[in-house]
Amino acid sequence: MSGRDAAREGHEDGFRTFVETRSAALLRTAVLLTGGDRHAAEDLLQSALMTTLGRWHRIEDPEAYVRKVLYRQQIGRWRLKWRRREVSVSEPPEAKAAEDTVAAADLRLVLRAALGRLTARQRTVLVLRYFEDLPEAEVAAILGCSVGTVRSTTHRSLARLRTLAPELASLAPAVDESVHPRPLEVGP
């Protein structure tokens with residue numbers, strides 16, 4: 001076996017190990033990016049992994065690279081002018097839901113349905129900001145827009161999410177009045 005063949009086999013083993021260990025987490029991100037459409041998420045992840053495989057030997061941080069490819073490919077999908085048909089999905093809750101309470105499972109279903117009703121851009125901004133916990137500047141760089149656009153899109157997306165799923169208000173942290181006192185009311 002030549003040195004080149006051995007190096008190629010080493011890269012393939014590294015890629016295979018990466019896919020085996022990280023694909024579940026990457027699939028969860030893809031499911032969120034596609035609004036809960038598991039089939040579209042699997043297609044998105046597979047496409048991102050194929051793109052990554054071609055550049056595997058040059059990638060320093062594979063997970064970050066794959067996530068960026070996922071975001072960019074999803075952005076490309078919603079930028080297309082095609083009209084997207086609404087897909088009805090009837091999936092049982094994820095395997096971990098058996099451990100959760102019924103209320104938590106219901107909230108997760110409500111959130112998934114509400115995310116599915118947002119635009120792809122709104123959903124992507126929320127996933128990047130809150131699921132991936134990226135700063136606004138990094139989200140702006142990934143999406144190719146300004147920080148102000150990220151802020152306004154985040155604000156409008158959260159407002160729309162609250163409208164679509166008022167049940168999610170129970171997840172909001174309680175306001176500590178010692179830190180944020182109520183404004184004084186001045187009467188007549």
Side-chain angles (χ1 to χ4, degrees), residues 1-80 82 84-85 87-100 104-105 107-109 111-113 115-116 118-145 147 150 153-154 157:
M1 179 182 289
S2 71
R4 178 182 253 175
D5 290 337
R8 184 179 309 152
E9 189 173 308
H11 290 304
E12 288 174 4
D13 288 342
F15 181 75
R16 190 174 295 114
T17 301
F18 171 76
V19 170
E20 289 171 359
T21 58
R22 299 306 304 151
S23 62
L26 293 168
L27 181 60
R28 282 191 297 273
T29 300
V31 167
L32 289 171
L33 287 171
T34 59
D37 185 344
R38 186 169 177 93
H39 297 293
E42 289 171 352
D43 290 344
L44 180 64
L45 179 57
Q46 183 176 9
S47 176
L49 289 173
M50 289 304 295
T51 300
T52 303
L53 177 60
R55 296 170 180 85
W56 184 253
H57 63 282
R58 295 182 299 220
I59 299 172
E60 292 180 26
D61 184 359
E63 183 144 356
Y65 186 87
V66 173
R67 288 182 186 278
K68 193 166 197 168
V69 171
L70 281 171
Y71 307 143
R72 291 184 184 270
Q73 287 183 353
Q74 182 63 17
I75 290 167
R77 288 180 180 196
W78 57 256
R79 282 188 177 159
L80 292 175
W82 299 348
R84 184 176 161 224
R85 282 190 352 226
V87 179
S88 297
V89 179
S90 144
E91 278 186 49
E94 297 172 17
K96 277 186 134 180
E99 300 169 9
D100 295 343
L107 281 176
R108 201 169 39 250
L109 292 172
L111 179 60
R112 180 178 282 178
L115 281 172
L118 295 176
T119 67
R121 183 180 186 99
Q122 290 174 326
R123 189 172 45 251
T124 301
V125 168
L126 290 180
V127 168
L128 292 173
R129 283 288 290 131
Y130 298 108
F131 181 75
E132 294 296 325
D133 200 27
L134 296 178
E136 290 170 339
E138 195 169 336
V139 173
I142 290 170
L143 298 178
C145 63
V147 173
V150 171
T153 303
T154 301
S157 303

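Side chains are part of it too, since the values below use all heavy atoms of this structure and drop only hydrogens, waters and symmetry mates.
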For Arg67, all residues meeting salt bridge (Lys or Arg N to Asp or Glu O under 4.0 Å), sequence neighbours excluded: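 Scan of Arg67 (salt bridge (Lys or Arg N to Asp or Glu O under 4.0 Å), adjacent residues dropped) gives Glu63, Glu132.
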
Looking at [atom1] of [X] and [atom2] of [Y], how far apart are the two atoms once the value is rounded to the nearest 0.5 Å?
| X | Y | atom1 | atom2 | result |
| --- | --- | --- | --- | --- |
| Leu115 | Gln122 | CG | CD | 10.0 Å |
| Leu27 | Glu42 | CG | CD | 6.0 Å |
| Leu32 | Leu111 | CG | CG | 8.0 Å |
| His39 | Asp43 | NE2 | CG | 9.0 Å |
| Leu49 | Leu45 | CG | CG | 4.5 Å |
| Leu26 | Gln46 | CG | CD | 13.5 Å |

Residue pairs passing the salt bridge (Lys or Arg N to Asp or Glu O under 4.0 Å) test where at least one lies in residues 44-54, sequence neighbours excluded: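 Qualifying pairs: none.
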
Steps toward salt bridge (charged side-chain N to carboxylate O under 4.0 Å, His left out) verdict (Arg16, Glu20): CA-CA 6 Å; Arg16 190 174 295 114; Glu20 289 171 359; 5.4 Å; no

Parallel, tilted or perpendicular: ring planes of Trp56 versus Phe18, cut at 30 and 60 degrees: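 Rings of Trp56 and Phe18: tilted, 30 to 60°.
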
Polar side-chain atom of Arg112 near backbone of Gly36 as donor-acceptor pair, under 3.5 Å: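 Absent.
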
Thr124 versus Gln74, side-chain donor and acceptor atoms under 3.5 Å: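 No.
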
Pair Gln73, Thr51: side-chain N/O donor-acceptor within cut-off below 3.5 Å: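 Thr51 and Gln73 do have a side-chain donor-acceptor pair below 3.5 Å.
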
Taking every non-hydrogen atom, the tightest pair across Leu70 and Ala48: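 Heavy atoms of Leu70 and Ala48 come nearest at CD2-CB, 3.8 Å.
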
Steps toward side-chain contact (heavy atoms from CB on, under 4.5 Å) verdict (Thr29, Tyr71): CA-CA 9 Å; Thr29 300; Tyr71 307 143; 4.0 Å; yes

Flag side-chain contact, heavy atom, 4.5 Å: Leu143 against Leu128: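 Yes. Closest side-chain heavy atoms under 4.5 Å.
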
